[in-house]
Amino acid sequence: MSQKTFHVAVVGATGAVGQQMLNTLSERNFPIGELSLLASARSAGQTIEFKGENITIKEATPEAFEGVEIALFSAGGSISKKLAPEAVKRGAVVIDNTNAFRMEEGVPLVVPEVNPEDIALHKGVISNPNCSTIQMVVALKPLKDRYGLKKIIVSTYQAVSGAGNVAMDELVRQTKAVINKEEFTPEILPVGSLEKKHQIAFNAIPQIDVFQENGFTLEEMKMINETKKIMHDQSLEIATTCVRIPVLTGHSESIYIELEQEVNLDEVRKLLSEAPGVILEDNPAEQHYPLATRASGRPEVFVGRLRKDLNNPKGLHMWVVSDNLLKGAAWNSVQIAEKFIEGL
Ligand code: NAP
Ligand code: 3JN
């Protein structure tokens, strides 16, 4: 029997996430009957090669979604707000990589290793969480299930690719300028409608996105709110500090958690080594622990540097690394699409 295929649209196909979406769809051999590549008017008419075929990019307009069954959006929140309803109106299921609908009631926010059952609750849109949230909840899910999770304190070390192709170009440009002792003006980071930009080369910027009234940044609040929604636990205590560092790809996170029960480190290692989507790299004697350089290009979440807290028997420290454009965005979206079609 021939397999059902789908008309898939990738919105933001020319972007850092969109490019990884296309690589992932190809590598997974996703059952595509027709592929629509959508971006801004600037890119319309250009072509992108997909599985040996040159596909012409079209401008993302409401009419471009006629006949589309699955639409993967990663062109920014305002594009999603404008066009996702148009895609849904025309019969598509939207898997949205932006912040546009994540916290809306009735919109599932899904990480397939954590809450795949929420996919079935969609009313047309399924949201993909923020990259920093995704890798953290994948690592914490098996521990929450076994011990109960009370509190999270996390500091992130985020790669510039999280801020798009322009931020990657900016890091390379600034690095060359610093090495060559040339003058330059920081233009891109931190992102958001901000007046002031900082140097990212050879630096660490403790601001990702705009500050909120409570002193946390938007990225930090995304992690807090999204984690509670995905884990279906509004009472979870969580504090975040998000930092941009001069790495091209691969977000790293230093996570401290307090569980409801005392933890056993051997059991934690066993749980994590068996957890879906997790690779345990925890051998200090061999200096083996997760590294962004090794995680880059891989779909899994890498966990290591496991330590019991020295004061709290229910406390645990860990280091969690993942490719922010793959598990943090493209792979998580395609994984949702795979689960979605499995359930049809
Ligand atoms: P990027 O490299 O700057 O790419 C932006 C993409 O959006 C390009 O394809 C661009 O097309 C398209 N676009 C811009 N304006 C458009 C318009 N008016 N109509 C249609 N398409 C338009 O950014 P990125 O890193 O791929 O990120 C894109 C979005 O994905 C982000 O804004 C964010 O919402 C989401 N994202 C999510 C995560 C996550 O944590 N899950 C991580 C990163 C990004 P042109 O090339 O034609 O301009
Ligand atoms: O900066 C990072 O490392 C992750 C960035 C994610 C991002 C960037 C621009 C807009 C998002 C997101 O997915 O949360 C958005 C958005 O709000 O859509």
Side-chain angles (χ1 to χ4, degrees), residues 9-22 36-46 48 57-62 64-65 71-84 86-87 95-103 109-111 126-137 156-171 188-193 200 205 207-210 217-223 225-226 230 240 242-245 247-253 292 322-336:
V10 175
V11 188
T14 52
V17 175
Q19 286 163 356
Q20 293 302 330
M21 294 267 195
L22 294 175
S36 295
L37 301 184
L38 308 178
S40 77
R42 293 179 293 277
S43 306
Q46 294 171 18
I48 293 182
I57 300 166
K58 289 192 240 152
E59 185 182 355
T61 60
F65 293 96
L72 303 169
F73 272 72
S74 65
S78 59
I79 308 296
S80 290
K81 279 197 180 128
K82 193 168 97 186
L83 291 177
E86 298 289 344
I95 299 169
D96 184 38
N97 235 290
T98 81
N99 193 36
F101 310 106
R102 285 181 190 149
M103 297 314 298
L109 183 62
V110 176
V111 179
I126 302 165
S127 279
N128 186 91
N130 176 273
C131 44
S132 305
T133 309
I134 294 176
Q135 66 184 69
M136 182 172 78
V137 298
T156 70
Y157 303 69
Q158 296 184 217
V160 293
S161 54
N165 281 330
V166 286
M168 287 194 272
D169 295 344
E170 170 98 332
L171 173 59
I188 306 294
L189 296 166
V191 289
S193 51
I200 182 63
I205 305 175
Q207 180 189 354
I208 298 186
D209 220 320
V210 289
T217 63
L218 184 55
E219 182 83 352
E220 290 161 353
M221 288 313 298
K222 284 177 187 173
M223 284 189 81
N225 295 326
E226 293 176 15
I230 296 162
T240 48
C242 292
V243 181
R244 186 77 67 192
I245 59 161
V247 159
L248 281 173
T249 303
H251 285 0
S252 303
E253 298 181 346
S322 194
D323 185 320
N324 51 298
L325 297 178
L326 289 179
K327 185 56 187 162
W331 166 227
N332 198 69
S333 289
V334 173
Q335 212 181 356
I336 293 172

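Every number for a ligand or one of its atoms is a count from 1 in the order of the listing.
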Closest non-hydrogen atom pair, Val160 against Ile245 = CG1-O, 3.9 Å
Any protein heavy atom nearer than 4.0 Å to atom 9 (C) of ligand 2 | no
At what distance is the nearest protein heavy atom to atom 32 (O) of ligand 1, and which residue and atom is it?
-> Gly76 CA, 3.2 Å
Going by the atom numbers of ligand 2, which of them fall below 4.0 Å from some non-hydrogen atom of Cys131?
-> 3 (O), 4 (C)
Which atoms of ligand 1 are found less than 4.0 Å from any heavy atom of Gly328?
-> 39 (C), 40 (O), 41 (N)
Could you say whether the N/O atoms of Ser161 and ligand 1 ever approach to under 3.5 Å?
-> no
How far is atom 44 (C) of ligand 1 from its nearest protein heavy atom, and which residue and atom is that?
-> Val17 CG2, 3.5 Å
Ligand 2 atoms in contact with Ile208 (distance to a heavy atom under 4.0 Å) = 1 (O)
Protein residue, atom and distance nearest to atom 5 (C) of ligand 2, heavy-atom basis = Gly162 O, 3.2 Å
Below 4.0 angstrom from a heavy atom of Thr98, which ligand 2 atoms are there? Numbered from 1 as shown, please.
-> 18 (O)
Top protein contact for atom 4 (O) of ligand 1, by heavy-atom distance | Gly15 CA, 3.2 Å
Asn165: numbered ligand 1 atoms lying under 4.0 Å from its heavy atoms = 2 (O)
Starting from atom 1 (O) of ligand 2, locate the nearest protein heavy atom and write down its residue, its atom name and how far away it is, to 0.1 Å.
-> Arg244 NH2, 2.7 Å
Ile79 and ligand 1 - part of the residue with a heavy-atom distance under 4.0 Å | side chain
Tell me which protein heavy atom sits closest to atom 11 (O) of ligand 1, plus the residue, atom name and distance to 0.1 Å.
-> Thr14 OG1, 3.1 Å
If you measure from each heavy atom of Pro129 to ligand 1, is any distance below 4.0 Å?
-> yes
N or O pair under 3.5 Å between Asn99 and ligand 1 = no
Can you pull out the closest protein heavy atom to atom 14 (O) of ligand 2? Residue, atom name and distance to 0.1 Å, please.
-> Lys222 NZ, 2.6 Å
Would you mind checking which non-hydrogen protein atom is closest to atom 25 (O) of ligand 1, with the distance to 0.1 Å?
-> Gly164 CA, 3.2 Å
What about Arg42: any of its N or O atoms under 3.5 Å from an N or O on ligand 1?
-> yes
Return yes if a side-chain donor-acceptor contact under 3.5 Å exists between Asn324 and Gln158, otherwise no.
-> no
Going by the order shown, which atoms of ligand 2 are within less than 4.0 Å of some heavy atom of Asn97?
-> 13 (O)
State the atoms of ligand 2, each with its element, that fall below the 4.0 Å cut-off from a heavy-atom position in Arg102.
-> 12 (C), 13 (O), 14 (O)
Any heavy atom of Asn128 under 4.0 Å from ligand 1? The part involved is side chain
For atom 28 (C) of ligand 1, what is the nearest protein heavy atom, given as residue, atom name and distance?
-> Ser74 O, 3.2 Å
Nearest to atom 34 (O) of ligand 1, what protein heavy atom do you find, and at what distance?
-> Thr98 CG2, 3.2 Å
Quick check: does Gly12 get an N/O under 3.5 Å from an N/O on ligand 1?
-> yes
Which ligand 2 atoms does Gln158 reach within 4.0 Å, using its non-hydrogen atoms?
-> 1 (O), 2 (C), 3 (O)
Going by distance only, is there an N or O of Cys131 that falls short of 3.5 Å from an N or O of ligand 1?
-> yes
Closest to atom 6 (C) of ligand 2 by heavy-atom distance, out of Leu189, Asn130, Thr133, is Asn130
Going by atom types alone, do Gln135 and Ser322 pair a side-chain donor with an acceptor below 3.5 Å?
-> no
Distance from atom 38 (C) of ligand 1 to nearest protein heavy atom, with residue and atom = Asn97 OD1, 3.9 Å
Measure the distances from the heavy atoms of Arg102 to every atom of ligand 1 and state whether one is below 4.0 angstrom.
-> yes
